[in-house]
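This structure is a prediction, so every number in the text was calculated from the model and none was measured.
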Amino acid sequence: MTQQSGTTTTPVTATAATAATVTPTPTTSPSAPAPTSAPDTAVPPEAPLDTGLDPLDPLDPVKVLDTPGTDAPVPTAAPTPAPAEPPAQPFPPLAEPRPLGERRVWPRTFHDRLTAPLPGLKAIARFAREGAVRPGKDGLADIPRLPYEPAPLPRVDARTVAVTWAGHASWVVRVGGLTVLTDPVWSRRILGTPARITPVGVPWESLPPVDAVVISHNHYDHLDAPTLRRLPRDTPVFVPAGLGGWFRRRRFTRVTELDWWEAAELSGVRFDFVPAHHWSKRSLTDTCRSLWGGWVFTAPEGQRVYFAGDTGYGHWFSRIGRRYPGVDLALLPIGAYDPRWWLSDVHCDPEEAVRAAQDLGARRMAPMHWGTFVLSAEPVLEPLTRVRTAWEQAGLAREDLWDLPVGGSRVLE
């Protein structure tokens, strides 16, 4: 979401308790070096080896060599092929899942987690003076061309992972037999912005029963009270540290708050909360009072989906990739980035999103956070054209860019 007013805040060193949570002490487990192929060993001609096998039979597991100065062929054992490299292991090892619905005490503020200072009075004055918060008439002319193709949700089983883009940062993620909503916003309008420029891609009535909801942070385009009121109050909700009270005041009974690098588990699906380059604010008095971040979903079968939420580009992506190797699909934001001097710290542009996917080691990328709400000054169709160009220039396979229309779905094969 577009930045809001705030006082200048310089990141400070985390407290000992916080640092212990954010950056656990890495522990490495030494891995044995991969064995190499055994060299061929020839038998001396004066001591022929009796293998009991026909050295001229191509099905016998011996290699036949002609040794100069002898009449008899000399068999030798075939070389042992090098074993396949083992799958990458998390570094550091992942934390044990925490209890669902655990009540916890959090710091009063999370300012120490900021990776860039919030804008000061000079920046706010410049922003107000330049007024570059919406695209001009030409930038809005392509609204009718925005891709919108609603379709029924794909049929899946417990071993299938599928994603459907409802618009903005709202996804219907089917993983491990669960239906998970990310940052669900089904409202036509949110506070401080014009109405949606594309309809919601998935009618609420067509949703299967919702098994869980994840929230990345508390900005209005990611935490929408009217949408959440539609859910049963016993729906499991996974939220950043400090945001649980907001849900409990609305009578949600199964709220799990997590800090960065912490996890919980529901029906065999692991939910890990990971860092992001962003911030939080919902009123004049709650700046950075709750945390912000993304989510990694890991199915019992091992498939892994990363949902970034809202984030700028930075060092967290490579660290997430090391801790959660083998990301099958990264849901990454590509819009709300212009002007860069104002938004670069908190919103990726399309080229940065492609670099983030590479830093993560993700096999596929699905763009989001564009084509739904007009939050900044870039032309409405520009994020899509730029991400396609950046993907091609990076030399990545076109089929691994899942640039879905609003309402579109893909299934992980």
Side-chain angles (χ1 to χ4, degrees), residues 14 16-32 85-102 104 106 110 113 115 158-159 161 163 173 175-178 180 182 211-217 236-244 255-277 291-309 311 314-332 356-364 412:
T18 302
T21 303
V22 178
T23 313
T25 303
T27 58
T28 59
S29 53
S31 56
E85 290 190 11
Q89 297 299 312
F91 178 80
L94 300 183
E96 287 296 317
R98 298 192 68 92
L100 295 174
E102 182 182 20
R104 304 172 67 181
W106 300 107
F110 292 93
R113 308 296 184 88
T115 49
R159 297 187 175 185
V161 174
V163 295
V173 179
V175 55
L178 301 182
V180 182
T182 69
D211 298 300
V213 171
V214 300
I215 302 295
S216 64
H217 64 299
V237 181
F238 298 87
V239 303
L243 195 54
V255 182
T256 301
E257 296 176 87
L258 296 176
D259 203 338
W260 289 347
W261 309 123
E262 291 185 341
E265 197 170 282
L266 178 67
S267 300
V269 177
R270 184 177 166 110
F271 294 72
D272 284 78
F273 189 52
V274 295
H277 300 274
L291 200 49
W292 52 90
W295 293 91
V296 177
F297 312 121
T298 305
E301 300 292 322
Q303 304 102 317
R304 186 163 275 167
V305 177
Y306 166 67
F307 167 67
T311 181
H315 66 282
W316 286 132
F317 293 110
S318 59
R319 297 191 186 183
I320 293 168
R322 287 199 299 271
R323 284 195 185 229
Y324 305 93
V327 172
D328 294 290
L329 174 64
L331 311 175
L332 286 163
Q358 294 176 295
D359 292 349
L360 289 161
R363 297 184 177 99
R364 304 166 190 86
L412 277 173

Is the shortest side-chain heavy-atom distance between [X] and [Y] below 4.5 Å?
X	Y	answer
I215	L243	yes
W261	P92	no
V180	V213	no
R322	P90	no

Could you tell me whether [X] and [Y] have a side-chain N and a carboxylate O separated by less than 4.0 Å?
X	Y	value
R159	E301	yes
D328	R363	yes
D259	R113	yes
E262	R104	yes

Using modelled atom types and a 3.5 Å cut-off, is there a donor and acceptor pairing between side-chain atoms of [X] and backbone atoms of [Y]?
X	Y	answer
W260	W292	yes
T182	V214	no
R304	P325	yes
E257	G242	yes

Which pair of non-hydrogen atoms, one from [X] and one from [Y], has the smallest distance, and what is that distance?
X	Y	answer
S216	P240	O-CG, 3.3 Å
W106	L258	CH2-C, 4.2 Å
L100	A264	CD2-CB, 3.9 Å
G244	V239	N-CG2, 3.9 Å
G176	V269	CA-CG2, 3.8 Å
L94	R323	CD2-O, 3.3 Å

Derivation and outcome, side chain to side chain contact (heavy atoms under 4.5 Å, CB included), residues L331 and Y306: CA-CA 6 Å; L331 311 175; Y306 166 67; over 6 Å; no
H315 and T115: CA distance, side-chain angles, deciding distance, side chain to side chain contact (heavy atoms under 4.5 Å, CB included) verdict: CA-CA 10 Å; H315 66 282; T115 49; 4.0 Å; yes
From R319 atom CZ to F91 atom CZ, the distance as rounded to the nearest 0.5 Å: 11.0 Å
Residues F297, D272; criterion side chain to side chain contact (heavy atoms under 4.5 Å, CB included); working and verdict: CA-CA 7 Å; F297 312 121; D272 284 78; over 6 Å; no
T311 and H277 side chains, donor-acceptor separation under 3.5 Å: no
Ring center gap for W295 and F273 short of 6.0 angstrom: yes
Side chain to side chain contact (heavy atoms under 4.5 Å, CB included) evaluation trace for V305 with V296: CA-CA 6 Å; V305 177; V296 177; over 6 Å; no
Results of ring pair (Phe, Tyr, Trp, His ring centres under 6.0 Å) for F238 - residues two or more places apart only: F271
